[in-house]
Amino acid sequence: MSLTHQPIGPGSHVFLVDGSSFVFRAYFQSIRQDAKYNYRADRLPTGAVRLFCAKLFQFVREGAAGVMPTHLAIIFDKSENSFRKEIYPDYKAHRQEPPADLVPQFPLMRAAVRAFGLLPIEQDVYEADDLIATYAKLARARGADVLIVSADKDLMQLIDDKVSMYDPASGTREERRIGYNEVIEYFGVPPEKVVDVQALAGDSTDNVPGAKGIGVKTAALLINEYGDLDTLLARAGSIKQPKRREVLTDPASVALIRTSQKLVKLVDDAPLEISLDDLGLHQPDGKTLVSFLQAMEFTQLTRRAAETYGVEANEIEPDPAFVGPAGWRGRNGEVAEAPAQQAPAAPAAKLPTPEAGALTPAALAEARREEGVATKIDRSLYETVTTLERLDAWIAEAFAAGFVAMDTETTSLDPMSCDLVGVSLATAPGRACYIPLRHVASAGPDLLGGGEPPPAQIPFDDAIARLKPLLEARSVLKIAQNMKYDLLVLACCGVDVAPIEDTMLISYALDSGRNNHGLDELAKKHLGHECIPFAAVAGSGRSFIGFARVPLDKATEYAAEDADVALRLWRVLKPRLAAEHMTSVYETLERPMVGVLAAMERRGVAIDRNILSRLSGEFAQDMARLEAEIYDLAGESFNLGSPKQLGDILFGRMGLPGAKKTATGAWSTSASVLEDLAESGNTFAARILDWRQLSKLKSTYTDALPGFVNKATNRVHTSYALAATTTGRLSSSEPNLQNIPVRNEAGRKIRKAFVAEPGHALISADYSQIELRLLAHIADIPQLRQAFAEGIDIHAKTASEMFGVPVQGMPSDVRRRAKAINFGIIYGISAFGLANQLGIPREEAAAYIKRYFERFPGIRDYMDKTKRLVREQGVVTTIFGRKCHFPRIGSSNASERAFFERAAINAPIQGAAADIIRRAMARMDAALATAGCSARMLMQVHDELVFEAPLEETETTIAVVKRVMEEAPHPAATLTVPLQVEARAAQNWDEAH
DNA sequence: AGCTTCACG
DNA sequence: GACGTACGTGAAGCTG
């Protein structure tokens, strides 16, 4: 390759590209894309190289910012021995190691630059920024225009009328041109004073110290006032603000500022190894370029380069210097280690001819999906069944098929208080019927019934008597969407539906985190079909007429469609379970829960309404007292429940310090903000907190719970959602029984209202530290495993490992910190979060985390591995095989990505705990029955099960419950830590807990 | 309906 | 380099 020697002069456009920042950008962009594009077939990571090449290709062909370069230099940082390290050893000290996947790509970047016919520029001692400064100065001296391509604000000091910057678009930002005005916008000063501002403000990313307590804003203010840094420091004694005067006159601090100045100022007279004129741009050699791109296996780029430079790609061999292990050569010729990971799954085989026997499950699912999409849903084909003959015919058809999809229509969404209005059945795609049972005269245009007779229907009891044998037949599989609901409704009619299949739960097992699992959404996604919205037939809000008044033709279209769609979904989704190895998750963790939860919900729990109404009264009195005091302190009355008004008073009228903003920019009045105020002696804030607590307890619990007592059973029947969370946990609603207060005295009074029926006790059994135990198992942490094996207090043990304090006589505050760290770890720790939690500076929190990872390196490994896995595959798996998907892990928003990474770290832990308690619940009824216990499960609160047992059976029940819960992982998983369950019996939930 | 706050694990 | 921040839920009240 020969270099052209084009002299640089007026009219030249010199592009100086900050190669290192480009490389990192390319890398971070690459990991947001599908992993299959980021590796060569031999697993050499090449994603960053690909994006780097694409960008280079663009520059060479089209230029940037509307300018074509005449000269182009890609400039890299060569090594660690920057002269700045000599000046200040901590310079860039806490930079992280580059990601493992990026390291083998560094030499390939240089090779790519050469393949484009350019010289990669890098020099010892000088950083890329210094070389850019030097080239820029030389070029402008010759009258050329210079475009620095970089996002690094350190380069802004170089900008003038001939030198500008261009920051290309990244995942998060638009491209932008940075000139004189943009520098003033960013630093508050023109380019020539940027160094002075940076010397004062410092730079945390490069570890440039600057002046303590002075940021860019203050620095710009000072420099603008005094003209420059020298003048400022000379006259610092006259500064009014004591803090600023102190930091600008103290000799040690001034020395740091001077050092910072040297660190920040770019060297513009570095001895260049490659002369300015050697940067001339000429057309790349097509063969060389294509040969390199082929070795990298970049198919798109190869094709485009071949077209652009008029070469025939087929005739060019991949460059042998980069094929096979040669591609792995590192900087020093060593062979990099392939990351230990699975190759992405091969794309599903092309659909074979539809001979059912030869189909793989995946192909079957795909075939049915296509068939389902092709066979349009035609609602006019549905039948309204109003005679016993037709009903019998449908039932016979279901028996013949061996499966039937079904759906129930009711008067309300509450399965414990609604009436069954009709049943729909489907025996084949498109073959569905609706059996109205309790329809009344349809609503007229005025929504009134008008006194007409009800439409002709099969008498309710007759229809149920005919349906019961079908719905209970072991030989016929009953398929429904959210079968728990239908099970509850039909149980009220004396029908015990079995065996069952649930499309919602199949979808949940397959696609948790990818989409929600409602029928309408699944129909849209898998069948391309838009279901009739419920509100369109039954109305909503004030216009709600209830399903019983929907005319039969419309009711049939809606109801039969649901059964038809459920059947079609089942045909598409069910084969995917086998194909995607999710059958055992579905069969052991999902399907068994339907009957278990239905029974729990149906049983309900007794609450003592007297206790609650007495509490409501107490709370109301206390609140009134507090309210008066608060208005007195405020000097005015206002709406206490309005965060807006409260914020205005606190931070507007009173002008209190410590104001924070919420996501939408309003004043935050959250407990943490008010606690800070209260701690500094603000009585007003303290009273608000007291009032808030009582208000919460009263409105959410003592006032609301009695409204959920079922008239017929006199008990509260929550509803557990099986497919609501991304981790496998249940959720509870109407009422939510999983957030009944327990953490403070006032709240616990509410638990006393959850009582056992006469002659019975409530038994609460909860897993002790299950998530930390699972962390110790999953990340394989010897010290933690041993502590659990020996029954040592785990937080004390952590504290002792970290701070070297003996477990015996551990100060409670030390233990508290270790406990917060332990929880933080489970949540995907950040220094910010831990600092917030503990009320300590972020640096201190960061030091804790560092120490924690030093003591327990396995946890860092686990976190890194999980993050890598989720970025590559978009999914994490619990030890029981449950998958949690994070499709948005590739988001272009960095904070959003970090959020999903933390969630992905948490999911296998929270999810495994959820799996374990599900396993226990699935086995519990049989175990109790075998032991002769008539105890019944009433509630689940994530790591706790609550039972009601006859007084004389409490002891046996506790033994059985403990055993089933502690042995729940077996035989699917053998934990390396023991599980421990604490169980107690009492008359109410508070005392049992 | 969206936001804020707060109850739980 | 910038930017927001501990994981998972559901309910109530205010606001527009």
Side-chain angles (χ1 to χ4, degrees), chain A residues 18 20-21 24-25 28 150-154 167 170-173 203-206 639-647 662-674 688-689 692-693 695-701 703-705 718-721 724-744 746-747 750-751 766-767 769-771 820-838 842 845 849 884 893-911 913-914 917 940-944:
Chain A
D18 175 2
S20 301
S21 91
F24 276 89
R25 259 204 192 174
F28 287 112
S150 173
D152 191 344
K153 60 186 177 339
D154 296 344
D167 180 7
S170 75
T172 44
R173 261 204 340 274
D203 184 344
S204 60
T205 52
D206 290 349
N639 185 346
L640 253 176
S642 162
K644 187 172 176 291
Q645 294 183 31
L646 179 60
T662 67
T664 51
W667 299 120
S668 170
T669 66
S670 68
S672 74
V673 172
L674 297 180
I688 299 273
L689 280 167
R692 280 240 180 108
Q693 187 191 27
S695 162
K696 178 79 176 181
L697 297 179
K698 183 168 186 289
S699 68
T700 310
Y701 301 105
D703 287 353
L705 279 173
T718 184
S719 175
Y720 290 105
T725 69
T726 46
T727 57
R729 272 194 179 179
L730 305 180
S731 76
S732 157
S733 60
E734 295 185 319
N736 181 351
L737 294 185
Q738 292 180 321
N739 71 346
I740 303 299
V742 72
R743 291 177 188 170
N744 62 58
I750 293 164
R751 286 207 169 206
D766 69 293
Y767 285 107
Q769 309 284 13
I770 187 165
E771 294 195 351
I821 297 169
N822 275 333
F823 278 108
I825 291 292
I826 291 175
Y827 298 152
I829 202 154
S830 74
F832 182 92
L834 183 63
N836 243 2
Q837 181 67 35
L838 284 175
R842 198 191 312 191
I849 294 170
C884 309
N893 179 326
S895 64
E896 199 173 70
R897 274 200 315 282
F899 171 74
F900 288 117
E901 284 175 8
R902 292 193 297 271
I905 287 171
N906 175 258
I909 303 169
Q910 190 184 112
I917 200 164
Q940 190 253 38
V941 193
H942 310 308
D943 65 354
E944 173 188 11

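All of these numbers come straight from a predicted model, not from anything done at the bench. Proteins come first, then strands; the chains are lettered A, B, ... in the order of their sequence lines, and each starts at number 1.
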Mate of B:dA1 where both pairing distances stay under 3.5 Å, Watson-Crick or G-U:
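Answer to the pairing question: C:dT15, which forms a Watson-Crick or G-U pair with B:dA1.
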Next on the checklist: If you compare every side-chain N and O of A:Gln940 against the phosphate oxygens of B:dG9 (OP1, OP2), does one of them come in below 4.0 Å?
Outcome noted: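 False: A:Gln940 side-chain N/O out of range (4.0 Å or more) of B:dG9 OP1/OP2.
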Just N and O in the side chain of A:Ser642: are any of them under 4.0 Å from OP1 or OP2 of C:dG13?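 Checking C:dG13 against A:Ser642, no side-chain N or O comes under 4.0 Å of OP1 or OP2.
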Residue met sooner reading DNA chain C from 5', once A:Ala704 and A:Lys153 are mapped to nucleotides: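 Its nucleotide being nearer the 5' end, the pick is A:Lys153.
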(message) Nearest heavy atom decides the nucleotide; on that basis, is A:Pro735 or A:Phe28 closer to the 5' end of DNA chain C?
(response)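 Its nucleotide being nearer the 5' end, the pick is A:Phe28.
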What is the distance from [atom1] of [X] to [atom2] of [N], rounded to the nearest Å?
X        : N      : atom1 : atom2 : result
A:Phe832 : C:dC7  : CZ    : P     : 11 Å
A:Leu730 : C:dT9  : CG    : P     : 12 Å
A:Arg897 : C:dA2  : CZ    : P     : 15 Å
A:Glu771 : C:dA6  : CD    : C1'   : 13 Å
A:Phe899 : C:dT5  : CZ    : C1'   : 10 Å
A:Gln910 : C:dC7  : CD    : C1'   : 6 Å
A:Asp703 : C:dG13 : CG    : C1'   : 13 Å
A:Asn639 : C:dG16 : CG    : P     : 12 Å

Open item on the list: Heavy atoms only, 4.0 Å cut-off, all strands: where does A:Ala913 land among base, sugar-phosphate and nothing?
Closed with: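 Here A:Ala913 touches no strand at all.
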Calculate, to the nearest 0.5 Å, the distance between atoms CD1 and CD1 belonging to A:Ile826 and A:Ile905 respectively.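 Answer for the CD1-CD1 pair, A:Ile826 versus A:Ile905, is 12.0 Å.
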*May I ask you to decide whether A:Arg25 forms a salt bridge with A:Asp167, counting only side-chain N to carboxylate O separations under 4.0 Å?*
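A salt bridge links A:Arg25 with A:Asp167.
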Check your understanding: If you measure from the P atom in C:dC3 to the same atom in B:dT5, how many Å do you get, rounded?
Key ->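 Here C:dC3 and B:dT5 have their P atoms 24 Å from each other.
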Taking only the P atom of each, what is the distance from C:dA6 to B:dC6 in whole angstrom?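 After rounding to an integer number of Å, I get 15 Å for this pair.
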Looking only at atom types and distance, does a side-chain atom of A:Thr718 sit under 3.5 Å from a main-chain N or O of A:Pro735, one as donor and one as acceptor?
->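 Checking the backbone N and O of A:Pro735 against the side chain of A:Thr718, a donor-acceptor pair under 3.5 Å is found.
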**Request:** Could you tell me whether the side chains of A:Asn822 and A:Gln769 share a donor-acceptor contact shorter than 3.5 Å?
**Result:**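 Note: A:Asn822 and A:Gln769 side chains miss the donor-acceptor criterion.
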